[in-house]
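All values derive from a computational prediction rather than experimental measurement. Per chain, numbering begins at 1; letters A, B, ... match sequence-line order.
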Amino acid sequence: MPDLLLEHLNPEQRAAVTLPHESALILAGAGSGKTRVLTTRIAWLIQTGQVSPHGILAVTFTNKAAKEMLVRISAMLPINTRGMWVGTFHGLANRLLRAHWRESGLPQSFQILDNQDQLSTIKRLMKALNVDTEKYEPKKVQHFINGHKEAGRRARDAEAHDEYSMHMAELFEAYDAQCQREGVADFPELLLRSYELLYRNEPLRQHYQERFRHILIDEFQDTNTLQYRWLKLFAGPRSALFAVGDDDQSIYAFRGANTGNMAEFEREFARGNVIKLEQNYRSHGHILTAANALIAQNAQRLGKNLWTAEGVGEPIRVFEAYSDQDEASFVIDEVKALHREGVPFSDMALLYRSNAQSRVLEHALFSAGVAYRVYGGLRFFERQEIKHALAYLRLLTHPEDDGAFLRVVNFPARGIGARTIEQLADAAGRAGSSLWQAACTASGKVAGFARLIESLKVATHDLPLPEAVDHMIEASGLADHYRADKDGADRLENLNELVNAAALFDEEAGLEVPGSAAAPEVPLPALDRFLAHAALEAGEHQAEPGRDALQLMTVHAAKGLEFHAVFITGLEESLFPHEQSAHEVNGLEEERRLMYVAITRARRRLYLTHAQSRMLHGQVRYGFPSRFLTELPDSVLLHLNRRAERSASPSAAPAPRTPPAGSDTGYRVGQSVAHARFGTGIIIDFEGRGPDARVQIKFRDAGTKWLALAYAKLSPA
DNA sequence: GCGTGACATTTTTTT
DNA sequence: AATGTCACGC
């Protein structure tokens with residue numbers, strides 16, 4: 001009964017879901033039921049017999065979104081979702097490359113390099129080539145390489161006119177050659193390689209074009225040049241592309257996302273077939289008003305205004321704290337109060353611009369005994385002990401991987417130092433072989449290491465995946481090493497967790513959960529699939545998921561989520577908008593979109609907080625309130641009272657909110673003041689006392705100056 | 001070869 | 001603040 005599927009959709013949503021077999025662009029605002037439309041569209045297509053699951057290709061950016069999509073589709077349709085290709089760009093590219101590894105020129109069990117791996121590979125290469133790493137910073141080289149790959153360019157396509165860029169291009173070329181030799185691929189390589197595979201291989205391209213009648217893309221505004229081209233390659237004459245996106249929520253320009261793709265897509269495919277979803281089902285009126293007003297300041301927009309049938313709801317609460325600590329304790333008070341009113345912790349989110357800001361908040365939450373869960377930060381599969389373990393596993397199936405070899409040849413320490421490794425590298429270089437091959441003919445300690453790997457290989461050969469992992473952790477000496485380390489308990493626990501992750505992976509692979517790293521039709525050893533899985537899904541496996549805990553994450557990580565109450569913290573100039581953004585073209589507009597995303601996460605209650613002072617990079621910094629605060633209409637804001645009223649309230653218990661030093665002069669550090677000539681500023685330091693007292697003031701427009709308190713006619717601002 | 005500590009460097013966002 | 005790099009002494 002298709003009607004059942006369409007029952008609860010509004011007219012625009014329904015129109016989008018039931019579009020004929022044509023390409024279309026759905027401009028879906030925040031909270032307008034974007035994911036719902038996408039998944040219902042898939043279910044509807046299948047249920048009405050227009051396409052079989054086999055003919056569906058659905059692409060997302062995050063694993064979370066892919067999983068969510070599958071769950072929703074399964075809930076709507078009692079079908080096996082197995083034949084569908086649903087996954088992230090990188091996951092699907094990986095799947096394609098594993099299936100056609102021979103044609104794409106990769107070893108069947110190629111390894112995926114994450115960012116860290118890529119950087120250390122580059123460093124290693126530059127060392128071997130004796131490149132001056134001062135002049136050519138490895139990070140810049142990485143950026144150069146990825147930037148080009150994401151634009152679909154190889155080293156030979158990289159434009160180079162000056163010496164610097166020519167050298168960069170050479171490094172790019174040498175890097176790719178090394179990756180090829182070692183059988184590894186970085187993230188952009190997955191996409192570029194699979195793009196080239198289909199581009200060059202016509203029969204293969206035709207096969208997939210014929211197969212995928214419906215190609216659906218989520219978060220289309222985040223696609224980069226290469227991803228868009230990749231999609232176009234899959235689209236044959238009989239395929240329809242269904243792109244869902246919101247240009248106002250494009251927040252990944254820094255990694256190559258090209259909003260222009262939306263306009264391009266409209267021209268090339270949708271051709272006026274555009275549906276706007278503007279009714280928001282998530283937030284109350286004031287919150288939407290604020291979001292609309294903010295985003296209206298951006299010049300580069302396709303244009304769209306969200307509305308809601310709900311009432312205006314509560315005003316947006318704005319709070320100015322003395323310090324980051326003060327900000328944290330304010331948030332905690334409010335969180336606790338909301339919880340007493342019955343809002344679960346898990347329905348509240350604490351958002352910040354950069355990960356570094358979570359530290360203070362976490363500390364305060366911990367002291368206050370509030371359960372919380374941090375998303376992002378260092379991920380499970382990126383921890384060093386996990387990296388070591390994965391490197392051992394990698395050597396078992398692919399010992400030519402020099403990166404993996406170097407990572408563990410002397411970890412735990414077994415007396416193989418820099419000198420020895422240099423000799424080994426020389427020998428390998430002369431023979432044109434891998435380090436591993438050189439090690440096999442070596443003697444002494446290196447030979448001992450080679451024997452260790454060989455024995456691991458034999459011992460784990462017939463073991464199920466989790467047991468193999470477990471055995472490796474013990475036999476490699478990793479476990480003993482961390483047992484001997486008094487701070488190694490956490491790491492040991494993580495290694496244990498790795499065994500669990502392997503067991504879980506084994507189980508899920510057995511159930512053939514679609515959308516996971518490898519295609520079911522590819523007979524790849526479990527170990528290799530597990531390693532690919534580890535690289536592609538860095539792992540949100542931390543903290544107990546079932547517990548009712550306050551949610552902490554960056555604004556980026558919050559995209560796609562919603563909460564009853566949202567706290568956006570650190571709303572200060574140079575933090576949010578981040579100072580880096582000022583140096584980038586359209587950087588401020590991207591920051592504003594980020595703020596827009598943050599605001600629209602809230603359903604009912606929204607807090608915006610900023611602090612006069614904040615510990616940053618080990619020292620106190622004073623910031624002005626974020627310009628975004630002034631871009632919101634006053635009519636929807638409620639400025640919460642500061643100190644006096646707050647500490648008078650009985651609930652604001654013993655939390656020590658000591659005003660900063662210097663109050664005796666009538667002024668204090670962190671205070672906003674106005675100067676007749678220099679305008680408004682913030683006091684950032686004191687010097688001397690009595691009539692000699694001087695203050696350092698950071699002016700909004702006139703820079704930072706020392707002024708004598710007796711002469712500078714200051715007034716509180 | 002290895003471990004220690006001083007020193008420097010860094011600090012956006014992430015598939 | 002936290003992490004990486006380097007030089008030194010064992």
So which protein N/O to nucleotides 7-10 of chain C N/O distances come out below 3.5 Å?
none

Can you give me the N/O atom pairs linking the protein to nucleotides 6-11 of chain B at distances under 3.5 Å, or say none if there are none?
unit_1  : atom_1 : unit_2    : atom_2 : d
dT11(B) : O2     : His617(A) : ND1    : 3.2
dT11(B) : N3     : His617(A) : ND1    : 3.3

Distances for protein N/O vs nucleotides 2-4 of chain C N/O pairs under 3.5 angstrom?
unit_1 : atom_1 : unit_2    : atom_2 : d
dA2(C) : OP1    : Arg359(A) : NH1    : 3.2

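Taking atom CG of residue Asn115(A) and atom C1' of nucleotide dT15(B), one finds them 9 Å apart after rounding to whole Å. Spacing between atom OH of Tyr375(A) and atom P of dT13(B) amounts to 18 Å, rounded to whole angstrom units. Remark: P of dC2(B) and NE2 of His481(A) are 11 Å apart, rounded to the nearest angstrom. Distance CD (Glu589(A)) to C1' (dT13(B)): 18 Å, rounded to an integer number of Å. The CZ atom of Phe576(A) sits 10 Å away from the C1' atom of dT13(B) (whole-angstrom rounding). Regarding Trp230(A), its CH2 atom lies at a distance of 13 Å from the C1' atom of dT15(B), rounded to whole Å. The distance between atom CZ of Arg353(A) and atom C1' of dT12(B), rounded to the nearest whole Å, is 5 Å. Per the geometry, OH belonging to Tyr352(A) stands 14 Å off C1' belonging to dT14(B), to the nearest Å.
Nucleotides dG4(C) and dT13(B) place their P atoms 16 Å apart, quoted to the nearest Å. When the P atom is compared between dC6(C) and dT11(B), the two are found 16 Å apart, to the nearest whole Å.
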Evaluate salt bridge (charged side-chain N to carboxylate O under 4.0 Å, His left out) for Asp528(A) paired with Arg98(A), printing each intermediate quantity in order.
CA-CA 11 Å; Asp528(A) 285 310; Arg98(A) 299 283 175 194; over 6 Å; no
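Looking at residues two or more places apart in sequence or on another chain, you find a side chain to side chain donor-acceptor pair (under 3.5 Å) between Arg483(A) and Glu474(A), Asp480(A). Not counting sequence neighbours, the partners of Phe405(A) by the ring-ring contact (aromatic ring centres under 6.0 Å, His included) test are Phe449(A). Under the ring-ring contact (aromatic ring centres under 6.0 Å, His included) criterion, Tyr175(A) pairs with no residue, sequence neighbours left out. Lys232(A) pairs by the side chain to side chain donor-acceptor pair (under 3.5 Å) definition with Glu268(A), not counting sequence neighbours. Evaluation of the side chain to side chain donor-acceptor pair (under 3.5 Å) rule for Arg451(A) yields no partner, not counting sequence neighbours. Considering only residues two or more places apart in sequence or on other chains, His90(A) meets the side chain to side chain donor-acceptor pair (under 3.5 Å) condition with none of them. Applying the ring-ring contact (aromatic ring centres under 6.0 Å, His included) rule to Phe628(A) yields the partners Phe576(A); only residues at least two apart in sequence or on another chain are considered.
Contact annotation for Tyr252(A): backbone-only contact, meaning every heavy-atom pair under 4.0 Å involves sugar-phosphate atoms and none involves a base. Among the protein residues, Arg621(A) comes within range of no part of the nucleic acid, since none of its heavy atoms lies under 4.0 Å from any strand. Within the nucleic acid shown, Asp114(A) has no heavy atom closer than 4.0 Å to any nucleic acid atom. The residue Phe61(A) sits close only to the backbone: its heavy atoms come under 4.0 Å of sugar-phosphate atoms, none of a base.
With the nearest nucleotide of DNA chain B identified for both Gly415(A) and Glu590(A), Gly415(A) has the one nearer the 5' end. Heavy-atom distances to DNA chain B give each of Ile416(A) and Ser581(A) a nearest nucleotide, and the one nearer the 5′ end belongs to Ile416(A).
For dT14(B), neither phosphate oxygen OP1 nor OP2 lies less than 4.0 angstrom from any side-chain nitrogen or oxygen of Asn146(A). Here Asn355(A) reaches the OP1 or OP2 of dT13(B): one of its side-chain N or O atoms lies under 4.0 Å away. When the side-chain nitrogen and oxygen atoms of Asn410(A) are compared with OP1 and OP2 of dC2(B), one or more of them lie within a distance under 4.0 Å. Between Thr420(A) and the phosphate of dG1(B), there is a side-chain N or O to OP1/OP2 separation shorter than 4.0 Å. Within the structure, every side-chain polar atom (N or O) of Arg379(A) is placed at least 4.0 Å from both OP1 and OP2 of dT14(B).
Here Glu68(A) does not pair with Lys64(A) in a salt bridge; the nearest charged N to carboxylate O distance is not below 4.0 Å.
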Listed pairs under 3.5 Å, donor-acceptor, residues 415-426 of chain A side chains, sequence neighbours left out:
none

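Screening residues 401-411 of chain A for salt bridge (charged side-chain N to carboxylate O under 4.0 Å, His left out) gives Arg394(A)-Asp401(A) as the qualifying pairs, with residues at least two apart or on separate chains.
Of all nucleotides listed (dT14(B), dG3(B), dT12(B)), dT12(B) comes nearest to the side chain of Ser354(A). Picking from dT12(B), dG1(B), dT14(B) the nucleotide with the shortest atom distance to the side chain of Phe254(A) gives dT14(B).
Atom CD of Glu589(A) has more than 12 heavy atoms from other residues, nucleotides or ligands within 6.0 Å.
Gln118(A) places no side-chain N or O within 3.5 Å of a backbone atom of Gln142(A) that could act as its donor or acceptor partner.
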